[in-house]
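These figures come from a predicted structure and were not determined experimentally.
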Amino acid sequence: MIALGGVIGAGLFVGSGTAIAAAGPSIILAYAISGALVMLVMRMLGEMAAANPASGSFSVHAERAIGPWAGFTAGWSFWFLLCVAVGLEAMGASQIMTGWFPDTPEWIWVALFMVVFCGTNLAAVKNFGEFEFWFAALKVGAIVLFLAIGVLAILGLLPGTDSPGASNLTGHGGFMPNGSEGLIVGLLASVFAYGGLETVTIAAAESENPVQGVAKAVRTAMWRIAIFYVGSMAVVVTLLPWTHKSVAEKGPYVATLEHLGIPAAEQTMNVVVLIALLSAMNANIYGASRMANSLVARGWGPKLLGKLSGGVPRVAVLASSVIGFVCVLLSYWSPDKLFGWLLNTIGAIILVVWFFIAVSQLLLRRRLEREAPEKLVVKMWAYPYLTYVALVGMAAVFVLMARDEGTREQLYFTGGLTLTLAVIGYILQMTRKESTEAKAPEKV
């Protein structure tokens, strides 16, 4: 449920509207392509996580496969991404609440959500699991209900509706109305909408049966997520013209339900989006604190963040929550400069993480086959060919981002952060190596 719920966020419920406006019906193809890439990444991560469960997840795998500097870079960049995301999700949730309670200031809701989820993560890891289970159940239930209503409407079986056939898929400029450029914009948007699955392998390390848990999550979650994402996009563009104004303004789900005459569609979806945002906050505070704790335990961060209390890295939880709150404050103090810089910096971090996952799996698989083949509970399909396909796919996305004026700046900022962390990590790696060699007894 955490694997399923972790990737179903506000990006799907609301953000996909702009992708549809750019790509038209070909958004189905965009989500299918990016979904295939995400499936490959998750299969690779699942293979490594099942063989070596660790709360540091891909950071630990990158350190073992490539070197300490890679684990340092992947871990701290992902931690930074999650902390900023916590602030963004708190802001989105507060905007929904002020829509319902217009006389209340946004910062009160931000503070309330921060305190609640910081508190649940401070108490015990089971609280995170319990919250995420119910959040995920509600989100999955909402998607399933939407798909069921949509399929009935497409077949003409929903009372008061006629089947649209393929008119919306082939009319209004055709299946690819804005050509390859529109498809590319939709593809870039869909790639980042899938971000969030990585948290399941972090959580698995603290479960009762991590190996079996990871194996089951990877095997069952991927095809279900493909159905949810690709299926949702197919329902929307089949039932509604992609040019429909409310698709981008209100979000594709609200627009579709209103078009079908479903009562209170907008408020119902607002509740679902609020749950998605709160779920993401909960998961990101958890993921950030565990990643920080893992990095510190391996000697790659301030020791204070690694202090455990009752099995929970409470200082890391507090630090991750505080930084998320600072990001919110920056959105008020300096929305165009500092906050804009933060948003650009995290723009392509998930792609950097996926790159480290693919390279790590490529190297560790050979080592596992040689040293401990019994640990290969989950195996990457058609290794090493599909791993190379995934790497080529990631490289293609990087190139597309560099070509697109809207995403080029994000690529540069993320590249700057990654390079800075890599240099710091390499310096720390060499310093530790020299210190170890200095302490080693001289050979006679």
Exceeds 12 heavy-atom contacts within 6.0 angstrom, atom [atom1] of [X]:
X	atom1	value
W100	CH2	yes
F355	CZ	no
F398	CZ	yes
R403	CZ	no

Considering only heavy atoms from C-beta outward, does the side chain of [X] approach that of [Y] to under 4.5 Å?
X	Y	result
T345	F80	yes
I357	M48	yes
W354	V191	yes
M97	L274	yes
S232	Y253	yes
L278	N282	no
V86	S320	no
R408	M401	no

Distance-minimising heavy-atom pair for [X] and [Y]:
X	Y	answer
C83	I323	CB-CG2, 3.7 Å
S360	I66	OG-CD1, 3.9 Å
G71	S59	O-OG, 2.7 Å
L37	A390	CD1-O, 3.6 Å
L308	P313	CD2-N, 3.6 Å
L305	A316	O-CB, 3.5 Å

Working for side chain to side chain contact (heavy atoms under 4.5 Å, CB included), residues T98 and D103: CA-CA 7 Å; T98 52; D103 295 330; over 6 Å; no

Donor-acceptor check, side chain of [X] to backbone of [Y], threshold 3.5 angstrom: yes or no?
X	Y	result
Y383	L362	yes
T268	A264	yes
N344	E409	no
N209	Q212	no

Aromatic ring proximity F117/Y286, centre distance under 6.0 Å: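 Ring centroids of F117 and Y286 are no less than 6.0 Å from each other.
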
Aromatic centroids of W109 and F101 separated by under 6.0 Å: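 Ring centroids of F101 and W109 are less than 6.0 Å from each other.
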
No-hydrogen, no-angle side-chain donor-acceptor test under 3.5 Å, R298 and S294: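 Yes.
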
Geometric class of the F135/F131 ring pair [parallel <30°, tilted 30-60°, perpendicular >60°]: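 Because their plane-to-plane angle lies in the 30° to 60° range, the rings of F131 and F135 count as tilted.
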
W69 and F356 aromatic ring geometry - parallel, tilted or perpendicular at 30°/60° bounds: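 Ring orientation, 0 to 90° scale: perpendicular.
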
If you round to the nearest 0.5 Å, how far is [atom2] of [Y] from [atom1] of [X]?
X	Y	atom1	atom2	answer
I184	S26	CD1	OG	10.5 Å
L82	M281	CG	CE	12.5 Å
L391	L386	CG	CG	11.0 Å
E89	L277	CD	CG	6.5 Å
S321	N284	OG	CG	11.0 Å
N52	L368	CG	CG	8.5 Å

Test log, rule side chain to side chain contact (heavy atoms under 4.5 Å, CB included), inputs I350 and F78: CA-CA 7 Å; I350 200 65; F78 190 68; 4.1 Å; yes

Criterion side chain to side chain contact (heavy atoms under 4.5 Å, CB included) on F228 and L147, from CA distance to verdict: CA-CA 8 Å; F228 288 162; L147 289 174; 4.0 Å; yes

Presence of salt bridge, K379 and E47, under 4.0 angstrom: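 No.
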
NZ/NE/NH1/NH2 to OD/OE distance under 4.0 Å, E132 and K139: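 Answer for the salt bridge query: no.
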
Cation-pi check, R432 onto W300 ring (under 6.0 Å, within 45° of axis):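 Yes, a cation-pi geometry.
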
Derivation and outcome, ring pair (Phe, Tyr, Trp, His ring centres under 6.0 Å), residues Y426 and F72: CA-CA 9 Å; Y426 186 74; F72 179 93; over 10 Å; no

Worked verdict on V317 versus R290 for side chain to side chain contact (heavy atoms under 4.5 Å, CB included): CA-CA 8 Å; V317 169; R290 268 50 180 190; 4.0 Å; yes

